[in-house]
Colleague: 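A single structure is presented below for examination.
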There are 2 protein chains.
Amino acid sequence: MNATSSDVAKHAGVSRATVSQVLNGYAERFAPETAAKVFASAAALGYEPSAAGRALRRGSSDFVVALLPHTTFGGNLQDLFEQMTVTLADHGYTLVLRMSGSAASTLDRMIAGMKPAAVFSLTPFTSAEQEVLRRRNVLAVDPPSVSAVDYNRAIGRMQGLTLVDAGHRRLAFAHLRDERQDPFGFAREEGIRDVAHERGLDDPQVIDVSIDLDSALSALDALTTPGIAVACYNDDVAMSLLAAARVRGLEVPRDVAVIGMDRSDLSRIALPRLTTIEYDIVAAASAGVASLLKALGAGAPLPASTPAFLSLIPGDTV
Amino acid sequence: MNATSSDVAKHAGVSRATVSQVLNGYAERFAPETAAKVFASAAALGYEPSAAGRALRRGSSDFVVALLPHTTFGGNLQDLFEQMTVTLADHGYTLVLRMSGSAASTLDRMIAGMKPAAVFSLTPFTSAEQEVLRRRNVLAVDPPSVSAVDYNRAIGRMQGLTLVDAGHRRLAFAHLRDERQDPFGFAREEGIRDVAHERGLDDPQVIDVSIDLDSALSALDALTTPGIAVACYNDDVAMSLLAAARVRGLEVPRDVAVIGMDRSDLSRIALPRLTTIEYDIVAAASAGVASLLKALGAGAPLPASTPAFLSLIPGDTV
DNA sequence: GTGAAAGCGCTAACAA
DNA sequence: TTGTTAGCGCTTTCAC
């Protein structure tokens, strides 16, 4: 069914080696009519190179794996991945997507078997992922390789500074309690801690919240200081705490201040309006794609300036 | 770096053929101690078979491609694909994801190159996709092959029946507004329409809602009948409408009734408690994976009965 | 300018 | 019960 390079060679009356060369960008080494014959035959037979054969020979495949963030995956992100699919296809790469939440061990197996040309992530790799990628010696591209900033710590700092600048003197950090490991929370907690130290405040109190009212209520009750200001792992945590505060009759932000993270869709309809931080995933993506192509050796111009991926969304909860 | 089957053979003192057989499920053909040596050596060397080598030899790879629907891709769907990733990995297959929207030609190229063992989709294949799959002779699994039930229509029906049984006589369906066509929404709308016709009610009114307060307010204002009952595309839409109803001073469910879909985390902390429908993705995924595995010839027992994937979560908004 | 030869890692048929 | 052999489709020296 599928034509092989031998078929093309036979059809064009040349050798397989010639077909390979011509079709891989070395056409100018050959007589123009030879190259033309090869192109014509390939087209006539509908030749598609076998990824397996090529990968076996080259030691690595043309696949690029994109790790999908565990976040709501709306229109923008879908556009983005479709765009990436097309852009990479233009450069001879095939994009495949992969849930980033899947255990690192299955990532490892996939990499060992598939030998992708690169692994790409919109959010910083977890240390487990980094370890796997390093060990397998795979080209890894994530936002920090774009800009070298520890985004999670920066997020924590941004949350902390927002709270302190609004006059709050007592900080807390609310982790999302989850069966899944949360690689980002600790870096963000560190960011909050940094701010507390720099501003001469007490160490932040740390609580765990899962997304249900009971959990949020006990977490809220555990906060010792009245007027405490809570930096939350994400908007869901923040909204759980806000719901709990409403149940307890606490006034926001006077009795408890809350800042979220993500600017989730639902945070946009929250009342009071949730103060939160937005991560510009689309900007991160286009920067990432550019640096990916560059790392792969495909010549794509890098954007001149590094965009600011984080921005504060003002609200009424701080 | 990566051990090959030769390395394992050398280490175990046997031939490559033996290693291959033992590691591919024919261990019992060999002397127990031979098999044991092979397993031990493979483990000791951290042997991972090369997907390329195997695919080249077998003519098709161990990859299973899942086509991602063009729908908002929330936590539930992500959990589903993570679940599938793990289950398939247990059977030696590697799940990769692919935007279904990408042009059929790129799908074709991917299939030609990657030679996947199967292509899986939660939504029915488009005719262009079917054509590609048929021509490439790839095993294709989509919901119609899993069961004859159109789950999205069933969801709409269930929402509609819940509303009607609670005494509501005027139905509406609220789509999640998206620039792109949403393959699930229309089937659900049909389900609602079915119910209206069966019960002799007027055709449901249809509105579009995006997840922000302004949009929800105008959608709500567009609902012509007081006491209308709205089946929502998902919980986010429902919660947006609830927020809008609160702003407008409407009482729920008296002035407007709302039923969601998904039982999202946040719907669990909503006040009033959102009436919604839960789709048991784990059950759906295992059914899908089971039929996939069966089609692949991997002997996985199919669940005896078709599980009920849908269940009503009672609340106070209907 | 072009082709012959070798080999990537694997597995299936066959031989021993 | 195990090993030998051959070859999947491709690319890359190297020789002509």
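Worth knowing before you read on, the calculation uses all heavy atoms, side chains too, and leaves out hydrogens, waters and symmetry mates. In what follows, every chain begins at residue 1, and chains take the letters A, B, ... in the order their sequences are listed.
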Colleague: Which of these nucleotides, C/dT11, D/dT11, D/dT4, is closest to any side-chain atom of A/Arg58?
Modeller: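 From the listed options, D/dT11 comes nearest.
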Colleague: Among C/dT2, D/dG9, D/dT12, find the nucleotide with the atom closest to the side chain of A/Ser20.
Modeller: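 Among C/dT2, D/dG9, D/dT12, the one nearest the side chain of A/Ser20 is D/dT12.
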Colleague: What is the distance from NZ of B/Lys10 to P of D/dG3, rounded to the nearest Å?
Modeller: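 Nearest whole value for this atom pair: 14 Å.
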Colleague: Would you kindly give the OH-to-P distance between B/Tyr26 and C/dC14, to the nearest whole Å?
Modeller: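 After rounding, the gap between these two atoms is 15 Å.
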Colleague: As a test of reading the structure: which of C/dT11, C/dT2, D/dG9 is closest to the side chain of A/Ser50, going by heavy atoms?
Modeller: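 Of all the options, the side chain of A/Ser50 is nearest to D/dG9.
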Colleague: Rounded to whole Å, how long is the line connecting atom CZ of B/Phe30 with atom P of D/dG3?
Modeller: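 Checked: the CZ to P distance equals 8 Å.
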Colleague: For A/Tyr47, answer base if it contacts any base atom (sugar-phosphate contacts may also be present), sugar-phosphate if it contacts only those atoms, and nothing otherwise; contact means non-hydrogen atoms under 4.0 Å.
Modeller: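 Since only primed, P, OP1 and OP2 atoms lie under 4.0 Å of A/Tyr47, the category is sugar-phosphate.
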Colleague: A/Asp7 has an atom CG; how far is it from atom C1' of D/dC8, in whole Å?
Modeller: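 The answer, rounded to whole Å, is 13 Å.
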Colleague: Does A/Asp142 reach the main-chain N or O of A/Phe125 with its side chain, forming a donor-acceptor pair under 3.5 Å?
Modeller: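 Confirmed, A/Asp142 side chain pairs with A/Phe125 backbone.
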Colleague: Between B/Ser61 (side chain) and B/Lys115 (backbone), is there a donor-acceptor pair under 3.5 Å?
Modeller: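 Yes; judged by distance alone, with no hydrogens or angles, the pair exists.
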Colleague: To the nearest angstrom, how far is B/Asp62 atom CG from D/dC8 atom C1'?
Modeller: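 Between C1' of D/dC8 and CG of B/Asp62: 15 Å.
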Colleague: Touch check for A/Ala31, heavy atoms < 4.0 angstrom, all strands: base, sugar-phosphate only, or nothing?
Modeller: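 It contacts sugar-phosphate atoms only.
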Colleague: Between A/Arg54 (side chain) and A/Pro49 (backbone), is there a donor-acceptor pair under 3.5 Å?
Modeller: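 No, because the side chain of A/Arg54 does not come within donor-acceptor range (under 3.5 Å) of the backbone of A/Pro49.
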Colleague: For the backbone of A/Gln21 and the side chain of A/Asn24, can you confirm whether one donor and one acceptor N or O come within less than 3.5 Å of each other?
Modeller: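 No, because the side chain of A/Asn24 does not come within donor-acceptor range (under 3.5 Å) of the backbone of A/Gln21.
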Colleague: C/dA13, D/dT1, D/dT13: which one has an atom nearest the side-chain heavy atoms of A/Gln21?
Modeller: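 Nucleotide nearest to A/Gln21's side chain: D/dT13.
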Colleague: Under 4.0 Å between a side-chain N/O of A/Arg54 and OP1 or OP2 of D/dT11, yes or no?
Modeller: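 Result: yes.
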Colleague: Using whole Å, what does the distance between atom C1' of nucleotide D/dG9 and atom CG of A/Leu45 come to?
Modeller: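 Answer to the nearest Å: 15 Å.
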Colleague: Would you indicate which nucleotide in D/dT12, D/dT2, C/dT11 comes nearest to any side-chain atom of A/Arg57?
Modeller: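 Of the candidates, D/dT12 comes closest.
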Colleague: Identify, between B/Ala17 and B/Leu56, the residue whose nearest nucleotide on DNA chain C lies closer to the 5' end.
Modeller: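 It is B/Leu56 whose nearest nucleotide is closer to the 5' end.
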Colleague: For C/dG3, does OP1 or OP2 lie under 4.0 Å from any side-chain N or O of A/Ser15?
Modeller: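 Yes, because at least one side-chain N or O of A/Ser15 sits under 4.0 Å from OP1 or OP2 of C/dG3.
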Colleague: So does B/Thr18 get a side-chain nitrogen or oxygen closer than 4.0 Å to the phosphate oxygens (OP1/OP2) of D/dG3?
Modeller: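 True: B/Thr18 side-chain N/O within range (under 4.0 Å) of D/dG3 OP1/OP2.
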Colleague: With the threshold set at 4.0 Å, does a side-chain nitrogen-carboxylate oxygen contact exist between A/Lys37 and A/Glu33?
Modeller: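 Result for this pair is no, no salt bridge flagged.
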